[in-house]
Novice: 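This is the structure I want to talk about, given as structure tokens.
Every number for a ligand or one of its atoms is a count from 1 in the order of the listing. Throughout, numbering of the chain's residues begins at 1 and tracks the sequence.
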Amino acid sequence: MDIIVLRPDAKDADLRHIIKRLKALGLEANVSKGAKRTIIGVIGDTSKVTEEAEDAVRAAPGVEQVMRILKPYRLASREFKKANTVIRVRGRAVGGKKICVIAGPCAVENRDMLLDIAVKIKNAGAGFIRGGAYKPRTSPYSFQGLGEEGLKYLAEAREKTGLPVVTEIMDPRDLKVIEKYADVIQIGARNMQNFRLLLEVGLSKKPVLLKRGLSATIKEWLMSAEYIMSNGNHNVMLCERGIRTFETATRNTLDLSAVAVLKQQTHLPVLVDPSHGVGRWDLVAPMAKAAVAAGADGILIEVHTNPAEALSDGEQSLRPDAFKKLMAELKPIAKAIGREI
Ligand code: PEP
Ligand code: MN
């Protein structure tokens with residue numbers, strides 16, 4: 001609540017009432033009376049005014065409009081911090097000149113497969129390994145992940161390749177065990193507005209990769225980042241992964257304009273996951289290239305050695321050789337926009 005516009009027929013008593021309300025909130029009013037309308041500029045820290053208090057002013061007699069100039073998210077905003085946030089993970093940086101590449105299977109399925117994929121993506125130039133041990137499946141009868149056993153394989157893959165581990169949390173009760181093995185904690189699309197989970201990872205020392213919700217606006221997404229940051233964890237990376245639209249040719253609609261919007265509005269690193277964005281392996285490479293060209297700080301690509309038999313998301317997974325080819329093709333694109341990959 002930064003500007004309050006009164007109706008042309010507002011009474012002096014209405015104005016006095018609003019000034020009193022503002023005072024009660026610890027704020028001052030700068031009243032400017034025009035020929036037809038009175039406008040009140042609110043002075044003081046308006047970022048802490050609750051929506052309820054704002055709604056009460058909006059409903060007060062004589063009020064026509066209440067406007068916000070400051071963003072509802074504060075810690076995540078570019079205004080709060082001008083310089084890009086660079087998140088350091090085991091000697092790697094996310095949000096700097098080098099574009100980070102996170103690759104690996106949708107789910108950790110077994111030890112041998114994971115170690116094999118880890119070596120292949122490492123040799124192709126990936127910077128992080130991903131894989132779900134706790135999977136958010138639409139059906140309760142689908143493979144749910146290996147749990148801690150899967151986390152152990154991820155840690156073994158890190159030992160073998162040096163690649164830091166990104167893995168998803170679904171339940172605050174798993175935080176301790178995930179923290180034991182993971183380097184970056186992923187919050188999946190389905191949990192973007194699981195506020196208790198967000199607050200819980202906000203207490204963690206591990207960076208968080210926050211995926212965009214299936215139907216979340218950019219503002220809602222940034223408010224979710226704010227939840228994590230408000231609890232002390234400022235190492236949040238955002239990951240666009242496609243949103244639901246009327247289009248059915250792709251699994252989701254990859255919103256690359258979100259990258260450009262976020263780069264203006266937040267200092268946090270912005271990643272793109274074309275795999276879940278399109279849901280088809282043959283469309284992953286062009287969208288990964290577009291993401292890099294659009295200014296993404298990183299990409300997340302699902303890679304599987306045997307997509308036809310994958311326990312989840314095989315249809316959108318690249319084989320290691322296709323991933324390697326994509327990595328080579330991304331290099332000149334990154335260079336053209338002054339980045340490295
Ligand atoms: C995933 O990364 O495997 C995943 C489940 O992603 P999302 O939450 O974006 O659907
Ligand atoms: Mn997946």
Novice: Hey, mind stepping through Lys152 and Glu149 against salt bridge (charged side-chain N to carboxylate O under 4.0 Å, His left out) and telling me if it holds?
Specialist: CA-CA 5 Å; Lys152 285 183 179 158; Glu149 186 190 345; over 6 Å; no
Novice: Considering non-hydrogen atoms of the protein only, which is the closest contact for atom 2 (O) of ligand 1, and what is the distance?
Specialist: Arg130 NH1, 2.7 Å
Novice: When Tyr73 is tested against each of Glu226, Lys219, Gln265 for side-chain hydrogen bond (donor to acceptor under 3.5 Å, both in side chains), which residue passes?
Specialist: Gln265
Novice: Around atom OH of Tyr227, are there more than 12 heavy atoms from other residues, nucleotides or ligands closer than 6.0 Å?
Specialist: no
Novice: More than 12 heavy atoms of other residues, nucleotides or ligands under 6.0 Å from CZ of Arg244: yes or no?
Specialist: no
Novice: Please walk me through it: do Arg130 and Leu209 pass side chain to side chain contact (heavy atoms under 4.5 Å, CB included)?
Specialist: CA-CA 11 Å; Arg130 62 144 288 145; Leu209 185 151; over 6 Å; no
Novice: Please test Arg78 against Lys71 for side chain to side chain contact (heavy atoms under 4.5 Å, CB included), starting from the C-alpha separation and ending with a verdict.
Specialist: CA-CA 10 Å; Arg78 245 317 158 206; Lys71 308 247 166 25; over 6 Å; no
Novice: To the nearest 0.1 Å, how far is atom 9 (O) of ligand 1 from its closest protein heavy atom, and which atom is that?
Specialist: Arg241 NE, 2.7 Å
Novice: Give the residue and atom name of whichever protein heavy atom lies nearest to atom 6 (O) of ligand 1, and the separation in Å to one decimal.
Specialist: Lys211 NZ, 2.9 Å
Novice: Does ligand 1 come near enough to Gln186 that some N or O of the ligand is less than 3.5 Å from an N or O of the residue?
Specialist: yes
Novice: Could you tell me whether Arg196 and Glu200 have a side-chain N and a carboxylate O separated by less than 4.0 Å?
Specialist: no
Novice: Under 4.0 Å from any heavy atom of Arg190, which atoms of ligand 1 are there?
Specialist: 7 (P), 8 (O), 10 (O)
Novice: So which protein N/O/S atoms does the Mn ion (ligand 2) have within less than 2.8 Å?
Specialist: Cys106 SG, His276 NE2, Glu302 OE2, Asp313 OD2
Novice: Just by distance, no angles: are the side chains of Asn233 and Ser204 close enough, under 3.5 Å, to form a donor-acceptor pair?
Specialist: no
Novice: Would you mind listing which atoms of ligand 1 come within a distance below 4.0 Å of any non-hydrogen atom of Glu302?
Specialist: 3 (O)
Novice: Assess whether salt bridge (charged side-chain N to carboxylate O under 4.0 Å, His left out) is satisfied between Glu168 and Lys211, documenting all intermediate values.
Specialist: CA-CA 10 Å; Glu168 178 168 352; Lys211 287 194 147 193; over 6 Å; no
Novice: From atom 1 (C) of ligand 1, work out which of His276, Glu240, Arg251 has a heavy atom at the shortest distance.
Specialist: His276
Novice: Which of the atoms of ligand 1 are close to Cys106, meaning less than 4.0 Å from one of its heavy atoms?
Specialist: 3 (O)
Novice: Does any N or O atom in Ala189 lie less than 3.5 angstrom from one in ligand 1, N or O only?
Specialist: yes
Novice: Please state whether Pro136 comes within less than 4.0 angstrom of ligand 1, counting heavy atoms only.
Specialist: yes
Novice: Could you please spell out the steps behind the side-chain hydrogen bond (donor to acceptor under 3.5 Å, both in side chains) verdict for His304 and Asp313?
Specialist: CA-CA 9 Å; His304 200 285; Asp313 288 350; over 6 Å; no
Novice: Under 4.0 Å from a heavy atom of Gly188: give me the atoms of ligand 1 that qualify, with their elements.
Specialist: 8 (O)
Novice: Going through the distances and angles, do Asp14 and Lys11 end up as a salt bridge (charged side-chain N to carboxylate O under 4.0 Å, His left out)?
Specialist: CA-CA 5 Å; Asp14 299 339; Lys11 313 244 177 345; 5.4 Å; no
